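Contents: one structure, followed by commentary.
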Amino acid sequence: MKYLKREISNKLVSILKTDYEINPGDVQFSIPPDRKFGDLSTTIPFVIARRIQEKPREVGEAILKEIKDGFDMFSEIKLAGGGFLNFRFKKDFLLSYLLENQDRQPEACPGKVIVEHTSINPNKSAHIGHLRNSCLGDTLNRALRFMGYQVEVQNYIDDTGVQVADVVWGLLVLRKMNLRQIREIENLAHYLWDLYSQVHKMVEEQEDITREIREVLKKIENKQDPEYSVSDYISREVLLNHIQLMEIAGIQYDLLVRESDIIELDFFAKAAEILKKNRIMYPSRDPEKEGCWVIRYDRENIEKIVIRSDQTVTYIGKDIAYALWKMGLLPGDFYYEEFYRYSDQHPLQMTRSKSHEPEFDFGHASRVYNVIGKRQSYLQNIISQVLDALESGNRGQDFVHFSYEMVALTPRCVQEMGFELTPELRTRAHIDVSGRRGIAVKADDLMEKLTEKSLEEVLSRNPDMKQEVADRIARQIAMGALRYFMVKFNSNSVIAFDFQDALTFEGDTGPYLQYTLVRLNSIFKKIGSQADESHPGPPDLDLLDEKELTIYHELLLHISLLDSQIEFALDSSELSVITSYTYVLCQKCNHYYHQFSILAEKNPRVRQLRLSLIGLIRKKLEVLFEIIGIPVPERM
RNA sequence: GCGCCUGUAGCUCAAUGGAUAGAGCGUUUGACUACGAAUCAAAAGGCUGGGGGUUCGAGUCCCUCCAGGCGCACCA
């Protein structure tokens, strides 16, 4: 419909531009709420009426006269309500249009897009909040690819921070372990999860521990052993754990960018030069910030410190340097080394600070999406403002903070996990997850629970199924449930997580979608095994009765929206558009084939018509599943 | 104080300024000898937090009040 809409609006504009001042951007199409109005609707009379100060209805009538005979594809163009211009497609148009274009590839878009997502501190297990980030990020990546963009997926690894030092201290001092013993820890990420919250609790209670940890951090920075080796070991090991976990969920990256390499290569020095030259960063005149270099943040009228009075760099400094590199505005580059090879042979590169294989072409994107929680808006806005202020051009709008709200837990869920709650907390709608306190559902625990539940469901329906097959299908259903769950909410809404909701496989869920497609596939499987009958001739929608035709047409119309829905999802940074579109498509499809049988239909021409429709739906669902990252089980 | 976000059915959530505010769950009722019941059909359930404004048209935009959440460190 994207191309179709473009075609129609161009034609409209070319007819109308002699009498009115309009451009294609003014023409917005929507699907009327009731088919009695037509198939496609535009509000262009309202737009023009406002512009020339006349009544919409009258403008509409004038427009109608001009365009009435200009379109082959419509059987009817009517004016309705206060000035809606409604179009009705000729009976056979949509079906043949969709059949002709079903394998159409999107036009390649120029430039490269970077999507950064996941970016989990490599010091403990990933949790449910990280999963929302990764699922959104990966769906964003897949949607962009679908639209024809070249996408590079990056995952930023903060391997230098205090979080890592916390657990290094915990291992070396608190647990008195050496590197050899640490290497023997089974499921290190889980082990560190508990250790991290224990350390954090001690830090809150005893001040001298903070000092000890700072010492550890310093040793790590100076590459002193055993602290450095331990820190290096755990950050690599935990990172690998995260990478493999995400691979199970169908999520891959192209590049891991390590903070230690940004520091080692002193990217900030290069960034600082640019910031100073553009007078974006300057020495503060505020006596309280004496010796500090700051950036002015206009929106909230404050000065943000970038270089502290002791000349060290704050968090935002590294972020700006990284942002400049992504946008191709920083002189200099990383070196690279392969970190991991996915099971489909896709290589995952990691930055290095010393020469290895510099033969890569990462960075310098024409647009960057940072999938980061809403809480970081403040910092992301500052970076965007910085990019706008550069002499080299206003690049702020190409630096997109793809923001989303947190995953929180319902009080019931927190209690189920064995945490005590104060009466005040118990009345809250939801409770923030906290890696520091260990109050969170670990990603792998959730995935395991989902898989267990799926297996139970699969076996209850297919008691004779081989264990191996059942296991595979259970995993696919679990991942379908997870990926759908993580993008189905508006990005602005906090997900109040509860096992009861998340472990549901009925209704508005991933497994519902999978079930729909599995059943469609099973129809085609049966058709394939039946002897192919003679060609029934060209499709003729007159063969369908009125009731069926209505639903049939409704489905065609809905199918035709796929590309414009993906486009809209990207334009509005709202990926739940894709899930709800898919859900409605499945609902309509189930509704249809429940009423009209396909294999049992005697008339081969009617059967062919029905097959064409569900064949189209099947194709579109495969595309949508690919974008959301939902696997297609062979059966359920 | 400054800045951002949210308030829609009992619950969880949809709705691109557009026509009669929709789904799922839950409740009540029906449909498996069927292309698979993880499905489908049906019923009940709403002054879209309150009040003003803009508009041909407001759940959506503006103002205001009420109720919640989050951010604003020489932490990362």
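Here the structure is a predicted model, which is why all the values come from computation and not from measurement. Just the heavy atoms: all of them, side chains too, but no hydrogens, waters or symmetry mates, feed the values below. In what follows, chains are A, B, ... by sequence order, proteins preceding strands, each numbered from 1.
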Look at the side-chain N and O atoms of [X] and state whether any lies under 4.0 Å from the OP1 or OP2 oxygen of [N].
X	N	value
A:Ser493	B:A14	yes
A:Lys304	B:C74	no
A:Ser377	B:G71	no
A:Arg461	B:A38	yes
A:Arg214	B:A76	no
A:Asn301	B:C2	no
A:Asn490	B:A14	yes
A:Tyr378	B:G71	no

Pull out every protein N or O sitting under 3.5 Å from an N or O of nucleotides 26-33 of chain B, one pair per line with the distance.
none

Bracket string, RNA chain B, 5' to 3' - pairs by Watson-Crick or G-U geometry under 3.5 Å, | interstrand: (((((((..((((....[...)))).(((((.......))))).....(((((..]....))))))))))))....
Heteroatom pairs (N/O) under 3.5 angstrom, protein to nucleotides 21-23 of chain B:
from  : atom 1 : to       : atom 2 : distance (Å)
B:A23 : O3'    : A:Gln587 : NE2    : 3.2
B:A23 : O2'    : A:Tyr583 : OH     : 3.3

Would you indicate what A:Ser572 reaches in the nucleic acid, counting non-hydrogen atoms under 4.0 angstrom: base, sugar-phosphate, or nothing? nothing
Where does B:C40 land, syn or anti, given syn is within 90° of 0? anti
How do A:Val518 and A:Ser491 order along RNA chain B: which one's closest nucleotide is nearer the 5' end? A:Ser491
Mapping A:Glu259 and A:Pro32 to their closest nucleotides on RNA chain B, which lands nearer the 5' end? A:Pro32
Where along residues 41-48 of chain A does a heavy atom come under 4.0 Å from RNA chain B, residue by residue in number order? A:Ser41, A:Thr43, A:Phe46
Just the atom pairs and distances: protein N or O near nucleotides 67-70 of chain B's N or O, under 3.5 Å.
none

Sequence neighbours excluded, the answer for side-chain hydrogen bond (donor to acceptor under 3.5 Å, both in side chains) partners of A:Arg375 is A:Asp432
